[in-house]
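Quick note: numbers below take in every heavy atom, side chains included, and nothing from hydrogens, waters or symmetry partners.
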Amino acid sequence: MEFVKMKLGTSLFYYIYIILCAGAFAALYFGFRHKSEKTKYWALYGILAFNFVLHFLKLALPYYYERGFPEVLRKCSFENICAVSTLVFPFAYLSKCNSIKDYMFYLGVISGIIGCVAPMPVIGLPFYHPEVIRYYICHASIWIVPLLMVIFGIHKLDYRRIWKVIAIYFGVLCLIIVNEIILIRLGWVSTSSFEEFFDPSERDMGYAIGFPHEMQKIASFIIWLTPKQWRNVPILWELFPVIVFGGLYMLFLCSYWEHEHIRRDINSFIDKIKSKRKKNNCSDDDV
């Protein structure tokens, strides 16, 4: 029935899922905020582990296995940003590398929330479809766990590591492209031409090769920072937009926790400039 299908912004059930995602975040926050650090830690990890398993169990759904083998295996690979997050976050969470956990936070929050607000892969499906339910569990987990990880103090941000997050992000884009090339070489994904491989409208590769044609309005807002000769170059087209817009986004997002650190560094920088000027003035007076 048409009225129970997912429609972007015009379906009651579209908003119900968003409310459910927000409710899940609130329930986990209020349910665990007074628990022990160990309980919080493993509860959040359990969500990531469940999401990891669910990523493979989806192949049992007709929505996937009817696509045929081995092409369907692509859906369990590193095919886009959120797929990489689902597969990597359980291990990143256990890691002692602060930069990879920063990546979890910054990229998990933005990609997971965008996935919930703009669920393009499931638009047109009935709201009760198993794939719709799985999709929202997956994308809600991607942003809820990293956000609670920081709120609960399990991980502490440092704005000085933002440049490392940007480097990791570009590494992820390289992983997505390499993953696609391997699948094509194995014959698990078919592509008729070199041009088709580099057509951003043909496959979801995390925008590593550009924006789909239907997103040209958004593209024009972003790629003005990209030199014209780079605009058709995979990954490289994102370099300056990510450094500028991504850097500002991460700085804004971490400022709630890092504002004192940022303020101290700014004051220290100003003091160094004043001290240097004072030394220069003294040297001039001596002359």
Side-chain angles (χ1 to χ4, degrees), residues 4-58 60-61 63 80-95 100-123 125-157 249-250 252-258:
V4 297
K5 289 185 177 180
M6 295 295 294
K7 296 179 183 178
L8 189 62
T10 61
S11 167
L12 170 64
F13 301 102
Y14 163 80
Y15 293 103
I16 287 177
Y17 273 112
I18 291 178
I19 293 170
L20 286 174
C21 290
F25 168 77
L28 288 168
Y29 171 72
F30 289 108
F32 286 95
R33 61 176 176 165
H34 295 309
K35 300 294 184 181
S36 68
E37 296 301 312
K38 184 177 180 180
T39 300
K40 293 175 185 175
Y41 184 91
W42 290 110
L44 294 184
Y45 178 75
I47 296 172
L48 293 177
F50 174 75
N51 204 26
F52 179 88
V53 173
L54 194 61
H55 187 68
F56 294 95
L57 288 179
K58 68 184 179 183
L61 299 177
Y63 182 79
N80 55 45
I81 296 292
C82 291
V84 172
S85 297
T86 301
L87 292 169
V88 171
F89 277 12
F91 306 98
Y93 183 83
L94 296 176
S95 169
I100 195 68
K101 288 183 178 179
D102 285 352
Y103 175 88
M104 282 182 66
F105 175 74
Y106 295 119
L107 269 295
V109 168
I110 191 170
S111 62
I113 290 178
I114 288 176
C116 291
V117 173
M120 304 311 293
V122 296
I123 293 297
L125 292 177
F127 83 97
Y128 50 80
H129 194 286
E131 172 55 13
V132 176
I133 298 171
R134 185 210 66 81
Y135 176 91
Y136 274 99
I137 291 174
C138 169
H139 288 79
S141 300
I142 288 173
W143 70 265
I144 289 175
V145 171
L147 185 55
L148 288 177
M149 175 182 72
V150 172
I151 291 174
F152 287 156
I154 295 171
H155 172 64
K156 296 188 183 301
L157 300 170
Y249 151 74
M250 288 185 276
F252 171 78
L253 197 60
C254 76
S255 62
Y256 178 83
W257 294 275
E258 278 286 274

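Here the closest non-hydrogen pair linking Ile47 and Ser141 is CG2-OG, 3.6 Å. Of all the heavy atoms in Cys21 and Ile144, the pair that sits closest is O-CD1, 3.7 Å. Residue His139 comes nearest to Gly115 through the heavy atom pair CD2-CA, 3.9 Å, listed as atom of the first residue, atom of the second, then distance. In plain terms, the two heavy atoms of Met104 and Ala92 that are nearest each other are SD-CB, 3.7 Å. Closest heavy-atom contact between Asn51 and Cys138: OD1-CA, 3.1 Å. The heavy-atom pair separating Asp102 from Lys156 by the smallest distance is OD1-O, 4.3 Å.
Between the side chain of Tyr106 and the backbone N or O of Cys254 there is no donor-acceptor pair closer than 3.5 Å. Side chain of Lys58 to main chain of Glu131: no donor-acceptor pair is present (N/O by atom type, distance under 3.5 Å, no hydrogens or angles). With hydrogens and angles ignored, the 3.5 Å screen pairs no side-chain donor or acceptor of Tyr135 with any backbone N or O of Cys116. For Lys40 (side chain) and Arg33 (main-chain N/O), a donor-acceptor pair under 3.5 Å exists by modelled atom type.
Distance OG/Ser85 to CD1/Ile142: 5.0 Å, rounded to 0.5 Å. Annotation: the span from Phe50 atom CZ to Leu57 atom CG amounts to 8.0 Å, rounded to 0.5 Å. Taking CE of Met250 as the reference point, atom CD1 of Ile110 lies at 9.0 Å (rounded to 0.5 Å).
The ring pair (Phe, Tyr, Trp, His ring centres under 6.0 Å) test with Phe52 is passed by exactly one of Tyr45, Phe89, Phe91: Phe91.
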inquiry  = Let's go through Ile151 and Trp257 carefully: what are the C-alpha distance in whole Å and the side-chain angles of both, what is the deciding distance for side chain to side chain contact (heavy atoms under 4.5 Å, CB included) to 0.1 Å, and is it a yes or a no?
reply    = CA-CA 9 Å; Ile151 291 174; Trp257 294 275; 3.9 Å; yes
task = Please test Leu44 against Tyr93 for side chain to side chain contact (heavy atoms under 4.5 Å, CB included), starting from the C-alpha separation and ending with a verdict.
result = CA-CA 9 Å; Leu44 294 184; Tyr93 183 83; 3.5 Å; yes
message = If you apply the rule side chain to side chain contact (heavy atoms under 4.5 Å, CB included), what do you find for Leu54 with Ile137, and how did you get there?
response = CA-CA 9 Å; Leu54 194 61; Ile137 291 174; 3.8 Å; yes
key: Chi angles and distances behind the side chain to side chain contact (heavy atoms under 4.5 Å, CB included) call for Phe127, Val122   = CA-CA 9 Å; Phe127 83 97; Val122 296; over 6 Å; no
Ring pair (Phe, Tyr, Trp, His ring centres under 6.0 Å) between His155 and Phe105, worked out = CA-CA 9 Å; His155 172 64; Phe105 175 74; 8.1 Å; no
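Within the 4.5 Å cutoff, no side-chain heavy atoms of Leu148 are placed close to those of Phe32.
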Would you tabulate the side-chain donor-acceptor contacts of residues 23-31 under 3.5 Å, counting partners in other chains and residues two or more places apart, or write 'none'?
none

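Using cut-offs of 30° and 60° for the angle between ring planes, the Tyr136 and Tyr17 rings count as parallel.
Counting heavy atoms of neighbouring residues, nucleotides and ligands inside a 6.0 Å radius, atom OH of Tyr249 exceeds 12 of them.
A centroid separation of 6.0 Å or more is found between the aromatic rings of Phe152 and Tyr41.
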